[in-house]
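Atoms within each ligand, like the ligands themselves, are counted from 1 in listed order.
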Amino acid sequence: MATTFDTVDIIRTKRDGGELSGAEIDWVIDAYTNGGVGDEQMAALAMAIFLNGMTTEETSRWTRAMISSGERLDFSGLGKPTTDKHSTGGVGDKITLPLAPLVASFGVAVPQLSGRGLGHTGGTLDKLEAIPGWQADISTERMMEILRDPGCIVCAAGTGLAPADRKLYALRDITGTVDSIPLIASSIMSKKIAEGTSALVLDVKVGDGAFMKDLDTAHELARTMVELGRAADVDTRALLTDMSTPLGRTVGNALEVRESLEVLAGGGPADVVELTVELAREMLDAAGVRDADVEAALTDGRAMDTWRKMIRAQGGDPDAELPTAAHTHVVTADRDGVLERLDALPVGVASWRLGAGRARKEDSVQAGAGVEIHVAPGDAVTAGQKLFTLHTDTPERFDRAIESLNGGYSLAPAGSDVPARDSAILDRIN
Ligand code: URA
């Protein structure tokens, strides 16, 4: 008979700063998944881990136990390498949209299992659902067909992948135990490893709009995830990227799809293009495609062709008009000056309050809602110049969105020397 443990002993060990054995970890994750360990006990254990951390061995075993709680996808039959990207989430982060078809246009398969947004960071599936007809739920069989041709898919992760994490993440969300490095790293990596990709590039966001507020903790998270990936034979690398200010010029579902289309057409904001190109290079390199001319695939239409095929393969109409919100409101500069700072978090909250995001899992989102940003830090502005355009179907939301935005930017006196951000990439681990 399999060994069983006393859950209270396990909680006490972690509460008192001790180390759990591999067998204890395997048992507690399995018992939690199957209902033998209750939510109240797992909440206590998660809090003990949050407060006392986990050793490298514990984190690695915890990750493996969560992978073993469910199924693992196997892409070896595709006959081509697979590569994936995971972002820890940020405001205006629409990179998956141009990135997946861009990388697939080089003959590499890109299975992007994504989620819906909760709170101020938007979800990739919510963005794509702004495209008329597009479907997030795809069977594994159809997923394999799409990965053969056109080669990329962005779809909802099935419930069979790392079910222990699904349960634990929901519990952490309501018990103040999300922002723990071993718990975040094991949560993300268990899903990515179970998903079966052979290479993975992590985009670890740093700044007030991200989980990790400073470079040191972001480094620690990135290193932990890279080690977990490599231990599971997944070629894993990480970029650490700035999330102190929003990425690109749009935040909100259809607005972000529009901006992604600009990038796929060879244009788009410099920071979105830079990050798309750098992540594509890393993903291709990790998949064994060296020295790819990634920029050319954006300007000559190859990435756009793959995008159109991917959208069609998932039921969407790439030529359909994207939804627009019924109401707009323009925020203008009240004086001449230079935009000194534009914080990511208040812009994300404004977009969420306009209806682009949800407060509870079961809420619906407005496809057209969000914030268009007309200026970037370092830009000179004159009194009356447009700073932001707010979009929503429900105009009673404007006041609360403006309240959030107002605290999120500042103007320095005209003529001040405010440096523009020259790169969103802060560091890399590879
Ligand atoms: N995303 C995840 O999937 N898990 C976490 O713990 C945090 C972010």
Yes or no on salt bridge (Lys or Arg N to Asp or Glu O under 4.0 Å) for R116 and E129, after CA distance, side-chain angles and deciding distance? CA-CA 10 Å; R116 292 192 166 72; E129 278 172 347; 2.5 Å; yes
So does D16 have more than 12 non-hydrogen atoms from other groups sitting under 6.0 Å from CG? yes
Give the protein residues with at least one non-hydrogen atom closer than 4.0 Å to an atom of ligand 1, ordered by chain and number. Y169, R172, I184, S187, I188, K191, F211
Between F388 and R249, is there a cation-pi geometry (under 6.0 Å to ring centre, at most 45° from the normal)? no
When you check the side-chain N and O atoms of E227 and T56, is any donor under 3.5 Å from an acceptor? no
Can a cation-pi geometry be assigned to K167 and Y32, taking NZ or CZ under 6.0 Å from the six-membered ring centre and within 45° of the ring axis? yes
R223 meets the salt bridge (Lys or Arg N to Asp or Glu O under 4.0 Å) criterion, sequence neighbours left out, with none
